[in-house]
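Here the structure is laid out as structure tokens; the discussion comes afterwards.
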2 protein chains.
Amino acid sequence: MRIGDLSRRTGVSVASIKYYLREGLLPPGELTSPNQARYGEEHVRRLRLIRALVDVGGLSIAGTRDVLAAVDADDVALHHVLGATQKALLGTPVVADDDEAARAAKLLDDLVERRGWHVTETNPGRPAAIEILATSERLGTEVLTRLLDTYAEALEPLATAEVGAVVARGERSDVVESAVLGTVLGAGLFSALRTMAHESASSRLDAGPAAGPEEG
Amino acid sequence: MRIGDLSRRTGVSVASIKYYLREGLLPPGELTSPNQARYGEEHVRRLRLIRALVDVGGLSIAGTRDVLAAVDADDVALHHVLGATQKALLGTPVVADDDEAARAAKLLDDLVERRGWHVTETNPGRPAAIEILATSERLGTEVLTRLLDTYAEALEPLATAEVGAVVARGERSDVVESAVLGTVLGAGLFSALRTMAHESASSRLDAGPAAGPEEG
DNA sequence: ATGAGTGGAGAGTAGAACTATCCGTCCAGG
DNA sequence: CCTGGACGGATAGTTCTACTCTCCACTCAT
């Protein structure tokens, strides 16, 4: 398969494919002569994976490269790949060094202990969660802190099911790839379903006292 | 309060504040003379809200403007504000017109019916969910479709709690503002906690048969 | 042999989110 | 009352990202 076929198979322009090659997202094809290369099914698959991460997950090209590098490095533990994915998904927020951040950190660590979660120091979710809780406090919204336990409760069966579904897959490369996909697509899907569930829940307590005029 | 004070109070540069004014994210201050304006606490609050939506939620400036316009329009129903928020968060994906999309749509509609959810045609979550499910199928990962019910089950108490927490707040403007904040910050917080729960869950079935060498 | 396609490299582009400069005005401190 | 730093408003410039275009020396199917 040559670059034109690859383009036709995936709907990605030749120019973009070349760009992904330059940026190291896509491994080079096998050279059959100094300026001819052949691509295979793994390139089709990788290209679709790239588009999924970029389009659905909203990852940057640089973030995608990092995630794919972790996917390809077969000496990296699964949860490190997930860490890289999460980092690309959510960024690495700088945790402010103020009262709100300190209180948020305590709130979170208490939760983790109360729930008996096993979370290491390097988990990228921790600073992200702390920053969000601190931001929420700075804005004077106590809503989030009240929901923390509800979130944790909802997450326990969910995370178990997700990890279980992914691990039940056989070869490491498959496991890692569906772990990344599951993280990114799962987050998007969950978020989309959340909107639907919100509408459903709010329609249930419809004509609420403070919801303003409802139309439609 | 003048623009310099506003800048100092919020940590946002004067130039950026002017930019937000130009872009219509921040209402103009009260003019005390043709070229002097005064700003109040509502500007501080609004500026912090903008930064939260942009930094934590990753909303674009244009998307933030749309959300804030919905927040300010007091004749708009709560779920419409949430719809605008979700649209800004997740984008408005174009649903492809192929087999996978059709199957995904059926899958989703079945779920909604099975669960007895009340979701209108215009809910932006629906096309987003369909596109993600279709993408997942195109990549040959059946993991997501198997998790659909788990997601829905986790979401029901969660969405009820979120909507309940937000609606219990009194004035409409407060309700709407915390609804937006809850949607955006809640999504981020949930996602961060999810990473932590994943690590915890995967460490529970540690040394799994296909997880590759674990270090650390 | 020939013309469409190719690999590789560099330059160019469009949009987003600021950032800098300018100008006339204002106003607080001396 | 004078004056220098801040201000409001407008326009232009910058930086970054994710492409997209253009070249050029090949190569390969027809």
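Letters A, B, ... are given to chains in the order of the sequence lines, protein chains preceding strands, and every chain is numbered from 1.
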>> Please compare Pro34(A) and Ile61(A) by the position of their nearest nucleotide in DNA chain D and report the one closer to 5'.
In response: Ile61(A)
> Would you say dA17(C) has OP1 or OP2 under 4.0 Å from some side-chain N or O of Tyr20(B)?
Replying inline: no
>> Can you identify which nucleotide, out of dA6(D), dT6(C), dT19(C), has its nearest atom closest to the Ala15(B) side chain?
In response: dT19(C)
> Can you check whether Ser33(A) has a side-chain N or O nearer than 4.0 Å to OP1 or OP2 of dC26(D)?
Replying inline: no
> dA18(D) P sits how many Å from Asp55(A) CG, rounded?
Replying inline: 12 Å
>> Between Ser13(B) and Ser16(B), do the side chains contain a donor N or O and an acceptor N or O under 3.5 Å apart?
In response: yes
> Between Ala70(A) and Arg172(A), which heavy-atom pair has the shortest distance, and what is it?
Replying inline: O-NH2, 4.4 Å
>> Can you tell me which nucleotide in dC18(C), dT25(C), dG7(C) comes closest to the side chain of Tyr19(B)?
In response: dC18(C)
> For the pair made of CZ in Arg8(A) and P in dG5(C), what is the distance, rounded to whole Å?
Replying inline: 8 Å
>> Can you pull out the residues from residues 21-31 of chain B that lie within a 4.0 Å heavy-atom distance of DNA chain D?
In response: Arg22(B), Leu31(B)
>> Let's see if you can work this out: which of dT6(C), dT19(C), dG8(D) has an atom nearest to the side-chain heavy atoms of Gln36(A)?
In response: dT6(C)
> Are side-chain heavy atoms of Leu144(A) and Leu189(B) found at a separation under 4.5 Å?
Replying inline: yes
>> Heavy atoms from C-beta onward define the side chain here; which of dC19(D), dG5(C), dG24(C) lies closest to that of Arg51(A)?
In response: dC19(D)
> So which nucleotide from dG8(D), dT19(C), dG7(C) ends up closest to the side chain of Tyr39(B)?
Replying inline: dG8(D)
> Is a side-chain N or O of Thr195(B) found less than 3.5 angstrom from the main chain of Ser191(B), in a donor-acceptor match?
Replying inline: yes
> Quick one: Ile50(B) CD1 to dA16(C) P, roughly how many Å, whole number?
Replying inline: 18 Å
> Rounded to the Å, how far apart are Lys18(B) NZ and dC23(C) P?
Replying inline: 14 Å
> What is the distance from atom CG of Leu49(A) to atom OG1 of Thr10(A), rounded to the nearest 0.5 Å?
Replying inline: 12.5 Å
> For the pair made of CG in Asp5(A) and C1' in dA4(C), what is the distance, rounded to whole Å?
Replying inline: 13 Å
> Counting only side-chain N and O atoms of Asn35(B), is one of them less than 4.0 Å from OP1 or OP2 of dG24(C)?
Replying inline: no
> Is any side-chain nitrogen or oxygen of Ser13(A) closer than 4.0 Å to OP1 or OP2 of dC19(D)?
Replying inline: no
>> Rounded to whole Å, how long is the line connecting atom CD1 of Ile3(B) with atom P of dT19(C)?
In response: 14 Å
> Are any side-chain N or O atoms of Glu199(B) and backbone N or O atoms of Thr120(A), one a donor and one an acceptor, separated by less than 3.5 Å?
Replying inline: yes
> Do the ring planes of Phe190(B) and Phe190(A) sit parallel (below 30°), tilted (30 to 60°) or perpendicular (above 60°)?
Replying inline: parallel
>> Measure CG/Leu59(B) against C1'/dA16(C) and give the value in whole Å, please.
In response: 14 Å
